Structures are given as C-alpha cells and as structure tokens.
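Owing to the predicted nature of the structure, the values given are computational and were not obtained by experimental measurement. Sequence lines set the chain letters: A, B, ... in the order given, protein chains first and strands last, and positions in each chain run from 1.
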Amino acid sequence: MPGAAEYFAALLDDREQAAMVADLRTVVARAPLFSPRTRFGKPMSVRMTSTGRYGWYSDQRGYRYERAHPSGQPWPPIPESVLSVWRLLVGGTRQPDCCLINFYDGAARMGLHQDRDEADFSWPVLSISLGDDALFRIGATTRGGPTESLRLRSGDVLLLSGAARLAFHGIDRTYPGTSSLLPNGGRINLTLRVVD
DNA sequence: TAGTTACA
DNA sequence: GCGA
C-alpha cells in the first residue's frame with residue numbers, strides 16, 4: 001500500500017456494521033444529507049453530513065470545517081460505535097473532532113484529493129467502509145504521481161498516517177448490489193479526523 | 001478541482 | 001472500465 005497506509009480488511013463483523021448503520025440512521029434524521037458545491041459551483045455527486053464538533057463543508061468560498069449543519073443546528077455527536085473503532089486503532093488520548101459521513105449512490109464518485117483542511121497532520125485519518133464495494137485509489141503526496149487501486153468492502157477500515165496522511169486519494173466507482181447491509185443499496189464511508 | 005472527459 |  002502506497003505511503004504506508006494501514007489497511008484492515010473486514011475489521012468490523014456483520015453485527016458491528018449493522019449496529020453502526022442503525023446509529024447513522026439516527027444521525028441522518030437529525031442532520032440530513034446534502035451535496036456540497038465545489039468552488040466552481042459544481043455539486044458533488046456524493047451526499048454527506050457530519051457528526052462531532054466540526055463538520056466538513058464546501059461551497060464557492062472553498063473547503064472548510066463548520067460548527068453547524070447548513071440547517072444551523074449543531075452536528076450530532078459521534079456515535080459510540082464509531083468512536084470505539086478510533087480508540088482501537090488510534091488510542092484514547094484524543095477524540096476525533098469530526099466524523100464525516102459520505103453516502104455514495106451507484107453513480108457517485110470522488111476525485112483524487114488530499115485531506116489538508118486540518119491543523120495537525122500528525123493525527124491520522126481513519127476511514128470506515130459500509131455497504132457496497134468501492135474502487136479506492138491512492139497515490140503520493142504530490143498530484144500526478146503513480147497511484148494504486150484497492151477494492152474496499154463493507155467492514156474494511158483504512159488508517160492514513162505518516163507519509164500516507166497527505167496522500168492523494170479518491171473513489172473511482174462503487175459496485176452496486178455487492179452488499180446487502182443497506183436495504184436500498186449504496187455505500188457509506190465514515191472519515192474520522194482531528195480538526196484542531 | 002473532494003469535477004469532467006479522453007483514451008485504451 | 002480504468003488510470004492519468
């Protein structure tokens with residue numbers, strides 16, 4: 001794996017995945033999914049919301065973290081089922097400030113990008129995959145370098161730390177119908193980050 | 001380009 | 001259907 005990203009295949013069993021999805025349903029009821037716009041006005045194909053002290057956001061002013069959902073309400077707390085994965089792999093010294101919830105329908109994808117809107121890159125980024133399989137691609141810390149593709153499955157966890165923390169990465173496609181976790185299909189990705 | 005499209 |  002490039003940049004020494006750590007990949008934990010099937011870290012979460014079916015029961016844990018189902019419990020997490022149940023928690024996320026409560027979250028989305030309070031903080032509905034939305035499609036942010038990029039700086040040049042194009043809406044992202046991925047729908048998202050957040051939990052925690054901060055939520056990731058984008059509009060014509062660019063990328064940033066916000067303290068509240070677009071509705072004006074504060075983001076719901078990060079579910080315990082999600083925090084326990086962070087404690088297992090990162091430790092209990094510090095809690096994540098943000099859990100970004102990305103929902104991919106069959107057509108959604110995410111271009112190659114870096115996670116660089118946080119203050120301290122020494123904290124890792126933890127990513128949890130739920131639902132349909134996805135083709136994930138990761139490269140170097142500079143754009144245009146070589147990349148490597150990896151098929152992510154439900155229950156897989158990825159930890160981007162060290163050199164991989166600022167690696168360019170994205171989702172080229174999902175594989176609809178490959179998981180029965182979500183009754184209506186699709187893929188959920190959770191991204192846990194320390195923001196400040 | 002946290003987006004599209006082109007090319008193999 | 002991928003990868004640049």
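With a 3.5 Å limit on both pairing distances and Watson-Crick or G-U wobble geometry required, DNA chain B contains no stem of 3 or more pairs.
Remark: the A:D97 side chain and the A:Y65 side chain contain no N/O donor-acceptor pair separated by less than 3.5 Å. For the residue pair A:S35/A:R47, the side-chain donor-acceptor check at 3.5 Å is not satisfied.
A:R64 comes within 4.0 angstrom of no nucleic acid atom, judged by non-hydrogen atoms across all strands. Contacts of A:D117 with the nucleic acid, taken as non-hydrogen atoms under 4.0 Å apart, include base atoms. Looking at heavy-atom distances under 4.0 Å, A:L135 makes contact with sugar-phosphate atoms alone, never a base. Among the atoms of the strands shown, base atoms are found under 4.0 Å from some heavy atom of A:R137. Across all strands, A:F168 comes closer than 4.0 Å to no nucleic acid atom at all (heavy-atom distances).
At a threshold of 4.5 Å between side-chain heavy atoms, the hydrophobic network of Ile, Leu, Val, Met, Phe, Trp and Tyr places A:W86 and A:L130 in one connected group. Grouping the Ile, Leu, Val, Met, Phe, Trp and Tyr side chains by contacts below 4.5 angstrom, directly or via other members, places A:F136 apart from A:V85. Clustering ILVMFWY residues whenever any of their side-chain heavy atoms sit less than 4.5 angstrom apart, transitively, puts A:W56 in a cluster other than the one holding A:L192.
No option in A:N189, A:D156, A:D115, A:T191 other than A:N189 meets the side-chain hydrogen bond (donor to acceptor under 3.5 Å, both in side chains) test with A:S127.
Comparing B:dT5, C:dC2, C:dA4 by their nearest atom to the side chain of A:R109 picks out B:dT5. Nearest nucleotide to the side chain of A:Y175, out of C:dC2, B:dG3, C:dA4: C:dC2.
The side chain of A:S149 contributes no N or O atom lying less than 4.0 Å from OP1 or OP2 of C:dC2. Between A:R143 and C:dA4 there is no side-chain polar atom (N or O) within less than 4.0 angstrom of OP1 or OP2.
Residues from residues 37-44 of chain A with heavy atoms under 4.0 angstrom of DNA chain B, sorted by number: A:T38, A:F40, A:P43, A:M44.
Note: CG (A:D133) to P (C:dC2) measures 12 Å, nearest angstrom. Atom CD of A:Q60 is separated from atom C1' of B:dG3 by 15 Å (rounded to the nearest Å). If you measure from atom NE2 of A:H169 to atom C1' of C:dA4, you get 18 Å, rounded to the nearest angstrom. Summarising the geometry, the separation between CZ on A:R173 and P on B:dG3 is reported as 17 Å, rounded to the nearest angstrom.
A:R64 contributes a side-chain N or O that, together with a main-chain N or O of A:G62, makes up a donor-acceptor pair within less than 3.5 Å. Looking only at distances, a side-chain donor or acceptor of A:S45 sits under 3.5 Å from a matching main-chain atom of A:R109.
B:dT4 and B:dA8 are spaced 23 Å apart, taking the P atom of each and rounding to whole Å.
Atom CZ in A:R187 sits 11.0 Å away from atom OG in A:S179 (nearest 0.5 Å).
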